[in-house]
Structures are given as C-alpha cells and as structure tokens.
Amino acid sequence: MSTVTAPMHLMNNYARWPISLVKGQGNQVWDDQGKEYLDFTSGIAVTSLGHVPPKVTAKLHEQLDTLWHCSNLVHVPQQGVLAEKLSRLSGLDQAFFCNSGAEANEGLIKLARRYAQKVKGTGRYEIITFEQSFHGRTLATLTATGQEKVKDGFAPLPQGFVTVPYNDLDAVKAAITDQTCAIMLELVQGEGGVHPAEEAWVKALRELCDTHGLLLLVDEIQTGIGRTGTWFAFQQYDVKPDAISLAKGLGSGFPIGAVVATKEVAEAFAPGTHGTTFGGNPLATTAGIATLDTMEEENILEKVAKINSLIIQKLEQLKEQYPDKVVTVRGKGLLLGVELSIPAANAVNYAREQKGVILLMAGPNVVRLLPSFITTEAEIKQAVAALSEGLAQS
Ligand SMILES: *Cc1c(COP(=O)(O)O)cnc(C)c1O
C-alpha cells in the first residue's frame with residue numbers, strides 16, 4: 001500500500017483515503033505505486049462510461065486543438081447541440097450550462113425564485129426540501145441540504161428554505177405557505193443513504209405543485225444521465241418536473257453542470273439575469289455531446305438494466321450469507337445501497353486496502369455502489385467478493 005501524506009500547502013477539507021491515483025482506463029485505476037484497483041464508484045457517479053472513454057477522449061482531443069474557451073458573450077455552437085439532445089431525452093425545453101452540481105442547483109434555485117417573482121409577479125421565494133437530501137456546498141445549496149453536518153459553522157444561512165421528512169406527504173402539505181414557490185428533491189437520495197422516493201408520493205407532489213402554483217424541481221445531479229436505468233430518474237415516476245439539475249455523469253469526468261427547464265420557466269432567465277464565465281465552454285460541451293452520443297450508440301440503458309440485475313442477484317446472495325449484517329439492498333439502476341446493521345467503514349476499507357476494490361459509503365451504515373455502465377460480470381463478482389470478505393472481517 002502506498003503511504004501518502006497530505007501535502008502541507010493543501011487545505012485539509014477532505015478526509016481522503018491514503019492512496020494517490022495517477023491513471024485510469026475503463027473500470028481500472030492505478031495508484032502511484034502501480035497498484036491496480038477496480039473503481040466501483042465511477043469517481044462518485046461521474047465516469048459512467050469508464051475512465052478515459054475512447055470516443056469521448058477522441059472528441060476532446062480534437063476540440064483541444066480547436067478552441068478551449070471563448071466566453072458567453074458569443075454563441076458556442078456545442079451548447080445548442082447539447083441542449084437539443086438534453087431536451088429530446090428529457091422532454092424539457094431549454095438548458096443553461098455551468099461547471100458543477102452545486103452551481104446547477106444554484107441556477108435551479110435562482111430560476112425558481114425569479115419565475116415566481118418576475119414571471120408570476122408574486123413575492124414568493126420559499127423552497128421546500130427534504131431531510132437527508134444533498135444539494136451541494138455553496139451557501140444556498142447547503143441550506144437546501146437536509147443534513148446538519150453540512151451547515152455546521154456557516155451561519156448565517158440564506159433565508160427561504162424549509163426542510164421536511166422525505167416520503168411524507170402530510171409534512172409537505174403542512175409546510176406550504178403563501179411564500180412557497182417550489183419543492184426541490186432527489187428521486188433517489190444519493191449521499192443521504194440511497195433512499196428512493198415512493199412513486200405515489202412523487203405523483204402527489206406533482207399534484208400539490210399544480211394545485212398551489214409551485215414548481216417541481218428535481219435534482220438529477222447523481223440520478224441523471226442513465227444512472228438509475230432511465231435517462232432521468234423522473235421518467236420512472238410518470239411525472240414531469242418543471243426543471244432539473246444535472247452534472248456528475250454528463251461529461252464523463254470533464255466538469256459540466258446544467259439546468260434544464262420547460263420553456264415557460266426558462267423564460268425567467270432573461271438576458272443579464274444569470275451567467276458564468278466558464279459554463280458551457282467548448283471543451284465541456286464537447287464532452288457532454290460525446291458522452292450522450294456514446295450512450296445512445298451503445299444502447300447503454302439496456303446495459304445498465306443487465307448490470308443492475310446481475311448485481312442485485314449477487315447482493316441478495318450476500319444478504320442470505322450475512323443475515324445478521326446485511327439489512328437490505330436498495331436503489332435504482334446502478335445507484336445501489338447495501339444497508340448494514342454494523343458500520344460500513346470496515347468493510348469498505350478492507351475491500352479497498354486488501355482486495356483493490358474501491359467502494360463508497362452513504363452515511364455510516366450504507367455501502368454505496370456506483371459501478372460504470374461498462375461493468376463486466378467478472379468485475380461484479382470481484383466487487384461483491386471483496387465486499388463479502390470485508391463483511392466477514394467486520
Ligand atoms: C454531487 C451532488 C451535488 C453537488 O455536486 P458538486 O458538483 O459536488 O457541486 C448536488 N446534488 C446531488 C444530488 C449530488 O449528488
């Protein structure tokens with residue numbers, strides 16, 4: 001194992017594993033000592049096509065020799081192409097591009113407030129969010145986040161957010177006031193423990209929004225771009241949100257975020273109301289286009305479904321093998337959680353250190369699996385065997 005110490009001039013804001021990764025290819029990554037790992041996290045739901053995916057890499061190489069940056073004072077042709085693809089895949093109409101998930105959610109929040117205030121002409125600003133949610137690390141998005149540890153030490157926080165229990169319709173009804181402008185949620189809470197929303201509840205939220213004139217905002221930063229088995233998680237709920245945010249899987253690892261909305265809502269962002277220097281630059285949007293093209297050409301959603309059923313089968317066996325340690329297996333597509341009755345850290349660390357398999361956690365008791373969409377059956381066996389040994393040691 002490599003012995004990595006934190007560089008003394010780097011801020012110490014991450015509790016990092018003691019490894020230094022220097023290379024990736026497909027589902028494999030290598031550390032600075034040459035040790036190989038199986039990445040069963042996709043760099044936290046980002047490298048869905050594997051590391052350095054050849055078709056995206058080729059397009060990025062071409063773009064690197066052509067134009068990197070030009071600002072949003074001009075038209076960037078790739079933005080129109082990517083927006084058209086996202087519109088076709090989502091049924092929404094217009095996109096705004098930025099650089100990260102938190103920035104996409106900031107855009108989503110600003111869009112909802114501006115729509116309420118300038119298009120609808122109301123004074124509404126309040127957004128209902130949910131316990132255990134995760135929406136980002138900027139001041140507004142950490143305020144929207146339903147986890148106290150993310151807010152600790154950052155007061156005063158912006159106003160206009162109320163947080164209620166997830167999958168609880170009465171709590172949402174009770175939270176609606178004459179200031180409410182939107183409801184914002186993840187359909188599978190990723191960081192918060194891999195909790196899927198109930199279908200009837202989500203449909204009821206849509207109806208509540210329609211009744212009260214609220215926007216339904218879905219944070220698809222982790223669930224979107226095929227991760228849950230459909231292009232977007234909302235497509236499994238038979239509802240249409242007014243706007244969504246995207247990021248993680250959209251650029252195969254090249255930083256890019258997006259807000260995609262109905263035309264009516266998107267119109268709240270008139271010229272001069274919102275913007276970014278880097279957002280949607282030619283490199284990022286090229287990565288986005290190549291990622292979506294590759295996924296379509298390779299029928300990636302079918303692969304996600306196949307990999308999902310193979311993993312679920314193996315995880316159910318694991319549950320039978322360790323009935324006292326494995327409580328339940330849940331999630332959608334390739335955003336899966338294994339809830340344990342014991343802390344998950346031991347098994348996750350054992351898998352990485354002893355078996356070279358990188359797994360994630362989602363809260364103290366949940367092992368989170370986010371394999372790529374090109375994961376093989378042999379790699380599934382390898383990962384589940386590593387987790388199994390880790391559980392045996394726990
Ligand atoms: C990762 C994530 C974010 C934040 O994205 P960043 O790119 O880290 O800012 C927001 N919402 C959800 C659901 C996420 O999974």
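Computed over heavy atoms, backbone and side chain alike; hydrogens, waters and symmetry mates excluded. Order of appearance sets the numbers: ligands from 1, and atoms from 1 within every ligand.
A salt bridge between Arg227 and Glu220 is absent, with no side-chain N of the basic residue lying under 4.0 Å from a carboxylate O of the acidic one. With respect to Glu267 and Arg114, no salt bridge is recorded, no charged nitrogen being found less than 4.0 Å from a carboxylate O. Ionic pairing of Lys85 and Asp293 is present here: one or more N-O contacts between side-chain nitrogen and carboxylate oxygen are shorter than 4.0 angstrom. Using a cutoff of 4.0 Å between basic side-chain nitrogens and carboxylate oxygens, Glu106 and Lys110 are not scored as salt-bridged.
Looking at Thr141, Asp219, Thr223 and measuring to atom 11 (N) of ligand 1, the nearest heavy atom belongs to Asp219. Within the set Glu103, Glu191, Lys248, the minimum heavy-atom distance to atom 3 (C) of ligand 1 is found for Lys248.
Taking every heavy atom of Gln222 and a limit of under 4.0 angstrom, the matching atoms of ligand 1 come to 15 (O). Within ligand 1, the atoms closer than 4.0 Å to a non-hydrogen atom of Glu186 are 13 (C), numbered from 1 in the order shown. For ligand 1, the atoms closer than 4.0 angstrom to any heavy atom of Asn105 are 10 (C), 11 (N).
For ligand 1, the polar-atom distance check finds an N/O of Ala102 within less than 3.5 Å of one of the ligand's N/O atoms. Checked by distance only, ligand 1 and Gly136 stay at 3.5 Å or farther apart across all their nitrogen or oxygen atoms. Not one N or O of Ile221 is nearer than 3.5 Å to an N or O of ligand 1, by distance alone.
Distance check for atom 6 (P) of ligand 1: a protein heavy atom is found below 4.0 Å.
Between His274 and Phe269, the ring planes lie parallel to each other; the angle is under 30°, not in the 30° to 60° tilted range.
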Query - Trace of the side-chain contact (heavy atoms from CB on, under 4.5 Å) decision for Phe130 with Met184 - result: CA-CA 8 Å; Phe130 296 95; Met184 175 173 177; over 6 Å; no

Requested in this report: Apply side-chain contact (heavy atoms from CB on, under 4.5 Å) to Glu389 and Lys355, showing your working.
Outcome: CA-CA 9 Å; Glu389 281 193 49; Lys355 296 278 131 191; 3.3 Å; yes

